[in-house]
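Before any comments, here is the structure.
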Amino acid sequence: MLYFKYDRTFDGLLTCIFDAFNRKEFPDNIVGEDMQLPLFTESFKVVTDEVRADRVLKALRKKISPSATDMLFVSYLSEIEGIEMTLFRYIQKALTAEFSIEMNFADPDVLELSKIYKKVTREEERMRQFVRFQKTTDGIFFAVMDPAHNVLPLSARFFRTRYADQQWIIYDIRRKYGFFYDLKTVETVHFDHLDVSLETGKLTAEKLDDYELAFQGLWKDYLKAITINERKNLKLQRQHLPKRFWKYLTEKQA
Amino acid sequence: MNPNIFDKLKTLAEAAKFDVSCASSGTTRNNPGNNLGSAAGWGICHSFTEDGRCVSLLKIMLTNHCIYDCAYCMNRRSNDVPRSTFAVSELVELTIEFYRRNYIEGLFLSSGIVRNADYTMERMVRVAKDLRLIHRYNGYIHLKSIPGAGRELVAEAGLYADRLSCNIEMPSEESLRIIAPDKDYQSVYRPMHYIQQGFLQGAEDKKKYRHAPRFAPAGQSTQMIIGASPDDDNRILHLANDLYQRPAMKRVYYSGYIHVNTYDTRLPALTTPPLVRENRLYQADWLMRFYQFKVDEIVDESHPNLDLEIDPKLSWALRHPETFPVNVNTADYETILRIPGIGVKSAKLIVSSRRFGRLTSDNLKKMGVVMKRAAYFITCNELPTFTVQEAGPEYIRKALTAPKKKKTDDRQLIIQFDNPLIPNS
Ligand code: SF4
């Protein structure tokens with residue numbers, strides 16, 4: 001068994017491909033460099049190299065469409081176990097096939113990646129749906145999220161366009177980083193201490209704008225008022241609004 | 001902040017809740033410069049109420065005072081309900097503040113009629129205008145045009161709104177006359193026609209001058225109330241089909257009648273709203289818009305009502321067993337679309353994948369085909385052939401409507417109300 005170890009970056013993964021072709025040695029598994037390897041395995045440590053990663057991307061672009069190339073990065077953000085090998089096999093096949101493989105959904109890796117891609121984009125869509133900003137005393141609109149996949153990098157552009165005239169922060173509480181938009185650019189931020197309740201994702205009252213709690217109240221009242229009791233269907237509600245998102249949804253808090 | 005605002009919001013949101021339309025799709029608004037808001041072409045649902053409906057827009061009335069007396073309406077003149085009116089500035093602020101917190105995609109504004117149609121319409125247009133011009137707001141705006149509103153006001157509304165709607169409410173003029181005596185088809189069709197003219201003119205101008213103002217770029221929609229009048233599905237779907245022939249008409253909504261004014265004997269005393277029928281109508285609507293069915297294939301004089309037991313696509317297939325089985329490895333896209341258990345997505349996957357090799361039933365399953373249904377209508381070489389030819393339509397109907405052990409698995413054509421995640425134009 002041959003294991004490749006890499007630094008858990010997308011460029012690192014592309015370098016794995018480059019190195020494999022270069023050495024004519026193909027891994028049975030690719031794991032993060034922090035992982036303990038099982039006994040009796042050989043391993044090779046891949047050193048991330050942007051130039052090599054770029055060359056793999058360039059070669060790919062000759063074989064598959066730009067949207068298929070984007071799909072690889074998006075699927076990578078899934079952080080699903082085994083995603084490295086699925087991507088590795090896909091790219092290997094794409095590079096050696098005569099025609100683009102991207103539409104061949106009878107191939108298990110093509111089908112699998114299309115499903116993972118859908119999961120990630122679906123999760124990103126849920127950020128657009130369920131982010132709830134709270135206005136702070138200094139006028140910043142602040143939200144925490146806990147997405148199943150690492151989708152914040154995909155969301156940032158959407159929020160940058162939509163809320164171009166307000167400062168905002170969206171913070172991934174599990175991965176401990178976020179994005180801050182200061183009316184000019186979007187930057188990555190880390191907080192060592194975060195004054196939010198882990199149960200509700202809400203800031204403490206003294207950090208909030210004077211009217212913030214009133215608007216939260218109006219939002220809850222509004223949702224109650226437009227419910228048609230004759231059509232109550234909690235199952236349908238849960239299907240669209242999965243329980244795991246409830247904790248940070250203002251309207252689901254007492 | 002005016003403390004009254006809580007009461008106003010409650011009263012005027014309640015008053016608006018029966019309008020089904022919620023879609024916020026159909027426009028793309030980029031954000032030129034650094035202003036507030038964008039519209040993404042795709043609607044976004046920000047929440048779901050306990051009835052399972054998508055909440056995309058702040059759906060609200062400017063006022064629920066009304067001089068009319070429509071039988072089905074909670075806000076009719078003769079009802080003794082709490083009444084309220086928003087100031088234009090209050091509603092504008094509420095929209096902006098909700099929008100900034102990512103609660104909503106925008107505003108869906110309707111109104112009871114005060115004084116006359118134009119007076120009311122003018123105030124609604126003011127809200128949209130202030131949002132666009134004073135607050136430089138680029139989010140979604142849907143205005144429900146007041147029946148009988150004049151050409152100039154409709155034209156102005158189209159400059160600021162993404163979508164305009166005029167509700168037909170009753171599927172026939174006869175029913176409308178009985179149930180909403182203050183309205184007639186003229187008062188609905190005329191504004192509908194102004195919108196269409198504005199929409200076409202706007203598209204024409206856009207070709208000539210790049211900076212010509214856009215007119216209601218998401219077109220118009222309308223709504224019919226189902227089950228409040230004796231009109232059958234044949235009538236309803238043919239009317240919907242006629243409406244879809246109009247260039248600006250994007251959506252027809254069907255709203256199962258809820259018996260709110262129990263004292264009014266013109267209306268049927270339904271104990272529960274006709275939700276199954278409503279769902280079947282949406283499914284039929286989808287067959288017309290996305291599955292290339294003609295309205296006459298779905299309902300006609302001899303089948304004037306949709307089958308409540310099975311969906312209209314399966315119903316069609318069982319009435320046309322001679323069309324099946326279909327070979328998924330060779331049939332064209334249009335034919336594959338008609339197979340029960342296969343949706344638009346899986347039909348596309350099938351057509352693009354089979355170039356690489358023969359598809360097996362296992363491939364189909366992985367592509368999302370509901371084999372339990374589809375198996376009776378397809379061949380793909382290796383399947384044991386127990387199709388509609390051998391089984392006969394009656395057998396299949398029984399097999400597919402038998403009480404299910406587990407949850408529903410018919411995922412192809414379940415449409416509740418409105419699915420704004422699917423582009424609708
Ligand atoms: S016009 Fe008719 S439907 Fe509209 S608010 Fe007045 S009574 Fe209700």
Side-chain angles (χ1 to χ4, degrees), chain A residues 99 101 103-108 110-112 114-115 125 128-135 141 143 158-166 168 183-184 210-212 214-219 221-241 249-252, chain B residues 1 5-6 9-18 30-31 33-38 40 42 44-55 58-60 94 97-98 100-103 136 138-139 256 258-259 272-273 275 349-350 352-360 363 366-367 416 421:
Chain A
F99 303 107
I101 60 163
M103 295 304 257
N104 183 9
F105 297 99
D107 179 300
V110 176
L111 188 68
E112 175 70 8
S114 77
K115 283 186 178 155
E125 199 177 293
R128 301 178 186 200
Q129 293 180 272
F130 303 139
V131 156
R132 295 287 180 266
F133 287 117
Q134 311 155 64
K135 191 176 183 185
F141 286 80
F158 169 81
F159 286 103
R160 160 75 181 78
T161 311
R162 174 156 294 191
Y163 299 111
D165 77 338
Q166 71 193 42
W168 52 258
L183 301 181
K184 287 189 202 72
D210 288 348
Y211 293 116
E212 175 55 29
F215 282 112
Q216 292 183 16
L218 284 165
W219 173 236
D221 286 351
Y222 170 67
L223 291 177
K224 266 189 223 115
I226 55 165
T227 303
I228 301 181
N229 290 321
E230 290 88 335
R231 307 185 62 128
K232 210 168 208 163
N233 188 344
L234 293 175
K235 211 174 110 199
L236 185 62
Q237 184 195 32
R238 250 202 316 280
Q239 188 183 319
H240 290 302
L241 196 67
L249 280 178
T250 310
E251 59 266 36
K252 288 289 168 202
Chain B
M1 191 190 282
I5 196 98
F6 282 87
L9 178 75
K10 274 186 221 163
T11 305
L12 292 165
E14 269 236 39
K17 72 181 175 187
F18 290 115
N30 297 325
N31 186 341
N34 273 353
N35 298 321
L36 174 64
S38 60
W42 234 245
I44 297 175
C45 289
H46 287 277
S47 194
F48 294 85
T49 39
E50 290 191 348
D51 48 29
R53 294 195 301 165
C54 152
V55 180
L58 171 59
K59 188 193 310 190
I60 201 143
L94 204 56
E97 293 298 329
F98 273 18
R100 287 196 181 285
R101 287 165 176 76
N102 203 44
Y103 295 165
R136 303 265 152 219
N138 288 295
I258 295 171
H259 198 37
T272 51
L275 296 183
L349 286 180
I350 288 169
S352 58
S353 304
R354 66 188 182 187
R355 284 179 284 152
F356 297 91
R358 281 204 163 285
L359 299 177
T360 63
N363 293 145
K366 294 212 173 102
M367 288 171 187
Q416 310 292 343
L421 302 178

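Every chain is numbered from 1, with letters handed out A, B, ... down the list of sequences. Predicted model only: the values in this text are computed from it and were never measured.
Only the side chain of Phe141(A) has a heavy atom closer than 4.5 Å to any heavy atom of chain B. At a 4.5 Å heavy-atom cutoff, the contact between Gln216(A) and chain B is made by backbone and side-chain atoms alike. In this structure, the portions of Glu230(A) lying under 4.5 Å from any heavy atom of chain B include both its backbone and its side chain. Contacts between Leu234(A) and chain B at a heavy-atom distance below 4.5 Å involve backbone atoms as well as side-chain atoms. Residue contact with chain B, scored on non-hydrogen atoms closer than 4.5 Å, is absent for Lys224(A). Using a 4.5 Å cut-off between heavy atoms, Phe99(A) does not touch chain B at all. In this structure, chain A has no heavy atom under 4.5 Å from any part of Leu12(B).
In terms of heavy-atom proximity, Ser38(B) sits nearest to Thr161(A) at CB-CG2, 4.3 Å. For Lys17(B) against Ile228(A), the heavy-atom pair with the smallest separation is O-CD1, 3.7 Å. Taking all atoms of both residues into account, the shortest heavy-atom contact from Leu236(A) to Asp51(B) is CD2-O, 4.1 Å. Counting all heavy atoms, side chain and backbone alike, Ala225(A) lies closest to Lys10(B) at CB-O, 3.8 Å. A pairwise comparison of heavy atoms in Leu218(A) and Phe98(B) identifies C-CZ, 3.8 Å as the closest pair. Across every non-hydrogen atom of Gln237(A) and Thr49(B), the tightest pair is CG-O, 3.5 Å.
Looking only at heavy-atom pairs under 4.5 Å with chain B, the residue among Lys252(A), Glu212(A), Gln134(A) that has the most is Glu212(A). Chain A forms the most heavy-atom pairs under 4.5 Å with one residue out of Asn102(B), Ile350(B), Thr272(B), and that residue is Asn102(B). Chosen from Tyr211(A), Trp168(A), Phe159(A), the residue pairing most often with chain B at heavy-atom distances under 4.5 Å is Tyr211(A). Heavy-atom pairs under 4.5 Å with chain A were tallied for Gly357(B), Ser352(B), Ala15(B); the largest tally goes to Ser352(B).
Distance check: Phe48(B) CZ to Leu249(A) CG gives 10.5 Å after rounding to the nearest 0.5 Å. Residue Thr227(A) holds its OG1 atom at 9.0 Å from CD of Glu14(B), rounded to the nearest 0.5 Å. One finds the CG atom of Asn363(B) at 8.5 Å from the CG atom of Leu111(A) (value rounded to the nearest 0.5 Å). To the nearest 0.5 Å, the span separating CD on Glu50(B) from CG on Leu223(A) amounts to 10.0 Å.
With contacts defined as side-chain heavy-atom distances shorter than 4.5 Å, the pair Tyr222(A)/Val55(B) qualifies.
Qualifying ring-ring contact (aromatic ring centres under 6.0 Å, His included) partners for Phe215(A), counting only residues two or more places apart in sequence or in other chains: none. The side-chain contact (heavy atoms from CB on, under 4.5 Å) search around Ala143(A) returns Val131(A), Phe133(A), not counting sequence neighbours.
Using a 4.0 Å cut-off between charged nitrogen and carboxylate oxygen, Glu97(B) and Lys135(A) do not count as a salt-bridge pair.
Using cut-offs of 30° and 60° for the angle between ring planes, the Tyr103(B) and Trp219(A) rings count as parallel.
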Taking it one step at a time, do Ser47(B) and Arg132(A) satisfy side-chain contact (heavy atoms from CB on, under 4.5 Å)? CA-CA 11 Å; Ser47(B) 194; Arg132(A) 295 287 180 266; 3.9 Å; yes
Assess the residue pair Asp165(A) and Arg100(B) against the criterion (side-chain contact (heavy atoms from CB on, under 4.5 Å)); give the C-alpha distance rounded to whole Å, side-chain angles, the decisive distance to 0.1 Å, and a yes or no. CA-CA 10 Å; Asp165(A) 77 338; Arg100(B) 287 196 181 285; 2.9 Å; yes
Before giving the answer on side-chain contact (heavy atoms from CB on, under 4.5 Å), spell out for Lys115(A) and Lys366(B) the whole-Å C-alpha distance, their side-chain angles and the decisive distance to 0.1 Å. CA-CA 10 Å; Lys115(A) 283 186 178 155; Lys366(B) 294 212 173 102; 4.3 Å; yes
